[in-house]
Amino acid sequence: MAHASGFFSPKIPSLRKKIPPSIGIYRSGFCSGEGIPIRVFCSSTTQGAEKIDSGASPSESRVPRLVSKGCKLVGCGSAVPSLQVSNDDLAKIVDTTDAWISVRTGIRNRRVLTGKESLTALAVEASKKALQMAEVDPDDIDLVLMCTSTPEDLFGGAPQIQKALGCKRNPLAFDITAACSGFLLGLVSAACYIRGGGFNNVLVIGADALSRNVDWSDRGTCILFGDAAGAVVVQACDSEEDGLFGFDLHSDGDGQRHLNAAITENEADSALGSNGSVLGFPPRRASYSCIQMNGKEVFRFAVRCVPQSIESALKNAGLTGSSIDWLLLHQANQRILDAVATRLEVPPERVISNLANYGNTSAASIPLALDESVRSGKVQSGHTIAVAGFGAGLTWGSAILRWG
Ligand code: ACO
């Protein structure tokens, strides 16, 4: 299908045939369900953000993996809190203006969880919508992956979502913590569970309430974040129909100093430990600090590493930037979206952006934007999307996938 922009969206079967054997899929001794042997290259490296910048090839540690089964995205859903907070509202509590926030970030509004609402309830609402679109019964879910850095239980929220959805077979349910890259990592994890683990229906949720970890007196961070949940159903299919064409994942603990919400001891908690029996025991109760961020460094990291990652994922998929229909990045800052799109030569009309309404919703931002785009008819079945997540950790990565 040719688009006015000149973008080319191949029909599903021909896409697989176009992939050059040396990069994407090639025949080998491994057999798929239909006796057609298939392998794909994916990529996960240990290179840090600085090393990547120094020119090391992202293809160096590419690892070949067997794909005997495919996976595809068959449903999505999202939910946001009811309270909307505008830039003007923020200007009443910190020294800022609507103009400054809009120009520097593209954000105009964000949604914030109020006392009575819960992140789990948002995640359940988004999941129900995704299951409904996918026409998958909760009893047929095999795995629930809750991607979040703000669970409402320290031990994870996924089992509570499993319970609320009424999944009678008690599917495996657990959390993935990787901040704004969480959903992307959940998506690739779902594919791995399907391709290699015999799972059929995986519910991947991205949900975060960073408003609970924001210092609302810090104008450098509080203007950025909002709360939301989004979900997709990833389903097993024949390898020929596989909708995850390539991916590329990274992390760099050295960059944590630029973005974190580290654990801190409660200095006032000295009621215990005063009997002198064991020095430093029992430990003081700890809690997480508010988000600490060096915005300039995070910005530089994103505009440097994200395009490289997408280019690697495209290479692994045997595709080029001109063959994608949509660029869907973690919704952090419109200037980051613009810079990455320019570098990849993707025209603005192919860049999905909804951050003006929601701000940075961390792990929820990609599935929320995807859901809005699918429901508005922008993203259609068979469209190819380059998706990229990036954020705290530092973690970042990309996936080239097909919707539907
Ligand atoms: N209103 C008005 N002025 C402000 C505000 C504000 N809200 N915030 C900062 N300023 C001031 C600063 O004090 C500074 O003033 P000075 O020049 O007198 O010192 C000036 O504006 C410039 O500040 P910078 O921090 O240099 O502004 P910058 O253009 O870098 O924009 C921003 C800041 C928006 C935070 C940007 O750096 C950014 O978006 N970075 C990326 C953040 C991000 O994407 N995080 C994603 C990961 S989140 C996760 O994973 C959890």
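Whatever order the structure lists ligands and atoms in, that order sets their numbers, starting from 1.
Using a 4.0 Å cut-off between a side-chain N of Lys or Arg and a carboxylate O of Asp or Glu, R195 and D242 qualify as a salt bridge. A salt bridge links K168 with D139: the distance from a Lys NZ or Arg NE/NH1/NH2 to an Asp or Glu carboxylate oxygen falls below 4.0 Å. Taking 4.0 Å as the cut-off between side-chain N and carboxylate O, E311 and R343 count as a salt-bridged pair. Using a 4.0 Å cut-off between charged nitrogen and carboxylate oxygen, E125 and K128 do not count as a salt-bridge pair.
Nearest protein heavy-atom contact of atom 20 (C) of ligand 1 is W100 CZ2, 4.4 Å. Scanning all protein heavy atoms for the shortest distance to atom 26 (O) of ligand 1 gives K296 NZ, 2.8 Å. For atom 27 (O) of ligand 1, the closest heavy atom belonging to the protein is R104 NH1, 3.4 Å. Scanning the protein for heavy atoms near atom 42 (C) of ligand 1, the closest one is M293 SD, 3.6 Å. Nearest protein heavy-atom contact of atom 44 (O) of ligand 1 is A332 CB, 3.3 Å. The protein atom (non-hydrogen) at minimum distance from atom 15 (O) of ligand 1 is R219 NH2, 4.4 Å. Closest protein heavy atom to atom 34 (C) of ligand 1: T105 CG2, 3.6 Å. Nearest non-hydrogen protein atom to atom 51 (C) of ligand 1 is C180 SG, 3.5 Å.
The shortest N or O to N or O distance between G295 and ligand 1 is under 3.5 Å. At a 3.5 angstrom cut-off on N or O pairs, L259 does not count as close to ligand 1.
Close approach of ligand 1 to I223 is summarised as follows: ligand atoms under 4.0 Å from at least one heavy atom of the residue are 7 (N). Atoms of ligand 1 found under 4.0 Å from any heavy atom of T96, numbered from 1 in the order shown, are 1 (N), 2 (C), 6 (C), 7 (N). Taking every heavy atom of I336 and a limit of under 4.0 angstrom, the matching atoms of ligand 1 come to 44 (O). Those atoms of ligand 1 with a heavy atom of D95 less than 4.0 angstrom away are 1 (N), 2 (C). The contact set between ligand 1 and G391, taken as ligand atoms under 4.0 Å from a residue heavy atom, comprises 50 (O).
Separating the OG atom in S373 from the CG atom in L368 is a distance of 9.0 Å, to the nearest 0.5 Å. The CG atom of L249 sits 5.5 Å away from atom CG of L185, with the distance rounded to the nearest 0.5 Å. To the nearest 0.5 Å, the span separating CZ on F199 from CD1 on I194 amounts to 9.5 Å. The CH2 atom of W396 lies 4.5 Å from the SG atom of C305; values are rounded to the nearest 0.5 Å.
Of the heavy atoms in V94, none comes closer than 4.0 Å to ligand 1. Contacts between I291 and ligand 1 below 4.0 angstrom, taking non-hydrogen atoms only, are absent altogether. Neither the backbone nor the side chain of I101 has any atom closer than 4.0 Å to an atom of ligand 1 (non-hydrogen atoms only).
Taking the six-membered ring wherever Trp is involved, the centroid distance between the rings of W403 and H383 does not fall below 6.0 Å.
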Pair T148-D208, side chain to side chain donor-acceptor pair (under 3.5 Å): steps then yes or no: CA-CA 5 Å; T148 186; D208 262 315; 3.0 Å; yes
Assess whether side chain to side chain donor-acceptor pair (under 3.5 Å) is satisfied between S322 and T320, documenting all intermediate values. CA-CA 5 Å; S322 61; T320 62; 3.0 Å; yes
Can you list the steps and then say if T120 with Q160 is a side chain to side chain donor-acceptor pair (under 3.5 Å)? CA-CA 7 Å; T120 305; Q160 285 306 304; over 6 Å; no
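With atom 38 (C) of ligand 1 as the reference point, the heavy atom nearest to it among D218, T97, N333, T395 is part of N333. Here atom 35 (C) of ligand 1 lies nearest to G220 when heavy atoms of G220, S362, A179 are compared.
Within the 4.0 angstrom cut-off, atom 32 (C) of ligand 1 has no protein heavy-atom neighbours. Distance check on atom 17 (O) of ligand 1: every protein heavy atom falls at or beyond the 4.0 Å cut-off.
Across all non-hydrogen atoms, the minimal contact from L259 to V298 is CB-CG2, 4.0 Å.
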